[in-house]
Amino acid sequence: MRTVRRRGRGAGRCRAWSGPCVDDVRWSHVAPGPGTYDRWPRSLPSPGRGEVGRVRHSVRPMRIGILGTGNVGRALAGAWNAAGHEVVLGSRKPDETAAHGGNVPVVSTEAAVAAADVVVNATPGTASLALLTSVGAPALAGKVLLDVAVGFTDAGDLSHLGESLGEELQRAFPDTRVVKTLCTLDRLVMIAPDSLEGPSTVFLSGDDPTAKDTVRGLLHDLGWSPDSVLDLGGIATARGQEHFSLLFIPVAQAVGSYRFGLRVVRLSEDVPQSYEEARTAAEAAS
Ligand SMILES: NC(=O)c1ccc[n+]([C@@H]2O[C@H](COP(=O)([O-])OP(=O)(O)OC[C@H]3O[C@@H](n4cnc5c(N)ncnc54)[C@H](OP(=O)(O)O)[C@@H]3O)[C@@H](O)[C@H]2O)c1
């Protein structure tokens, strides 16, 4: 197992997913090459060919416009493209990033939004509002905005402490249906949950039930079974998802990899479900 120590900066401060990074993570199965761990590794196997090549279509084939041609945008684009959806990547500089798309066309941010039923925000959380504002509320009206982003300051702290980017976007674009999801997971886990040792949980937050159903379908097309998807409630619950990054990094440090999942497990049904039930059972047994 190779141990890679991140260069420079203080403990817990770097630009993983445009934010904090694992110090001293053992990149046992990542290790794309020495050196550049300031960002999430870019030279990982390209998704969309073979490993996620399943056509699922739990929702009708959708037009998906993914904003951001970085790690997450490209991973999701490959996976949904392989699942049979019509996907484009939206970039600020499509001429320069055209090669990032692989099989997926790279177009301007505006064109990606215009063509989409579902817009995916895979941009740095500190830049998302400005980018979407430049596209304009009318262009986004009525669309589902699947928001994967988390904002981090240059110092590596959460930029939306005490609230969330998801809520900020919903406030700014009231006619757009924001659904926060996937941001508690590494991008390779997002698109290959079956690669984990056991079942994991992915969360949904959003005010519009129909939009959440659409996103549920798209999660299924990434490999997430229905019982892996936990609807937390309205968009205010995006706070918990985004603040999970405070736990994500220490867990990654502890297990030596970003590629892990957490599972929400309930009390099994054959044990008392409440204190009252437990007391009644104890009294009956005595
Ligand atoms: N990496 C992960 O595994 C992971 C996991 C969970 C959540 N997230 C969140 O998902 C989002 C994307 O993460 P990522 O790792 O894909 O980031 P990334 O590799 O840095 O890519 C972000 C992309 O956003 C676009 N962008 C738009 N406005 C930008 C701006 N002002 N500055 C920089 N880029 C801008 C860029 O694409 P163009 O140049 O083509 O416009 C850029 O490639 C982040 O909010 C991150 O916190 C990431």
Side-chain angles (χ1 to χ4, degrees), residues 14-22 25 27 30 32 36-44 47 65-79 88-102 104-113 119-135 145-154 156-160 164-166 168-169 178 180-193 195 200 202-203 205 219 222 238 241-249 251-252 257-262:
C14 83
R15 292 181 187 277
W17 31 336
S18 322
C21 180
V22 176
V25 159
W27 290 86
V30 177
T36 54
Y37 288 90
D38 283 359
R39 308 181 75 79
W40 286 62
R42 286 187 180 275
S43 52
L44 292 169
I66 302 179
L67 307 185
T69 58
N71 293 305
V72 172
R74 287 180 290 142
L76 292 175
V88 294
L89 279 157
S91 175
R92 295 164 300 166
K93 297 178 180 171
D95 294 340
E96 293 174 21
T97 54
H100 293 176
V104 175
V106 180
V107 301
S108 70
T109 303
E110 292 75 11
V113 170
V119 177
V120 177
N121 177 30
T123 66
T126 46
S128 305
L129 180 61
L131 186 77
L132 291 167
T133 301
S134 74
V135 174
L145 178 62
L146 190 161
D147 179 27
V148 186
V150 180
F152 295 99
T153 67
D154 285 344
D157 300 315
L158 272 175
S159 59
H160 291 69
S164 66
L165 172 67
E168 180 181 58
L169 295 178
V178 180
K180 188 103 207 173
T181 191
L182 290 171
C183 69
T184 55
L185 302 157
D186 172 82
R187 69 189 186 282
L188 294 188
V189 176
M190 293 178 194
I191 62 167
S195 63
S200 183
V202 62
F203 302 103
S205 304
L219 292 177
L222 297 177
Q241 292 201 56
E242 293 183 23
H243 284 66
F244 179 74
S245 64
L246 301 177
L247 182 60
F248 183 92
I249 300 298
V251 172
S257 171
Y258 292 121
R259 276 113 214 187
F260 64 87
L262 295 186

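Residue numbers start at 1 and run along the sequence shown. As the structure lists them, so they are numbered: ligands from 1, and atoms in each ligand from 1.
Within ligand 1, the atoms closer than 4.0 Å to a non-hydrogen atom of A122 are 11 (C), 12 (C), 22 (C), 23 (C), 24 (O), numbered from 1 in the order shown. Below 4.0 Å from some heavy atom of G68 lie the following atoms of ligand 1, by number and element: 23 (C), 24 (O), 25 (C), 37 (O). Applying the 4.0 Å criterion to heavy atoms of G125 picks out, from ligand 1, the atoms 45 (O).
In this structure, E168 contributes its side chain and L129 its backbone to no donor-acceptor pair below 3.5 Å. With hydrogens and angles ignored, the 3.5 Å screen pairs a side-chain donor or acceptor of T181 with a backbone N or O of F203.
Counting heavy atoms from C-beta outward, S134 and T109 have side chains that stay 4.5 Å or more apart. By the 4.5 Å heavy-atom criterion applied to side chains, L76 and L182 are counted as neighbours.
Closest to atom 16 (O) of ligand 1 by heavy atom, among V72, V106, D147, L132, is V72.
Residue contacts with ligand 1, taken as heavy atom pairs separated by less than 4.0 Å, involve T97 solely via side-chain atoms from C-beta onward.
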Derivation and outcome, side-chain hydrogen bond (donor to acceptor under 3.5 Å, both in side chains), residues E242 and H160:
CA-CA 8 Å; E242 293 183 23; H160 291 69; 5.0 Å; no
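Using a 4.0 angstrom heavy-atom cutoff, L185 counts as in contact with ligand 1.
Of the listed residues (V251, I249, L262), just one forms a side-chain contact (heavy atoms from CB on, under 4.5 Å) with F244, and that residue is L262.
By the 3.5 Å distance cut-off applied to N or O atoms, S91 is counted among the residues near ligand 1. In terms of N/O distances under 3.5 Å, ligand 1 is not approached by M190.
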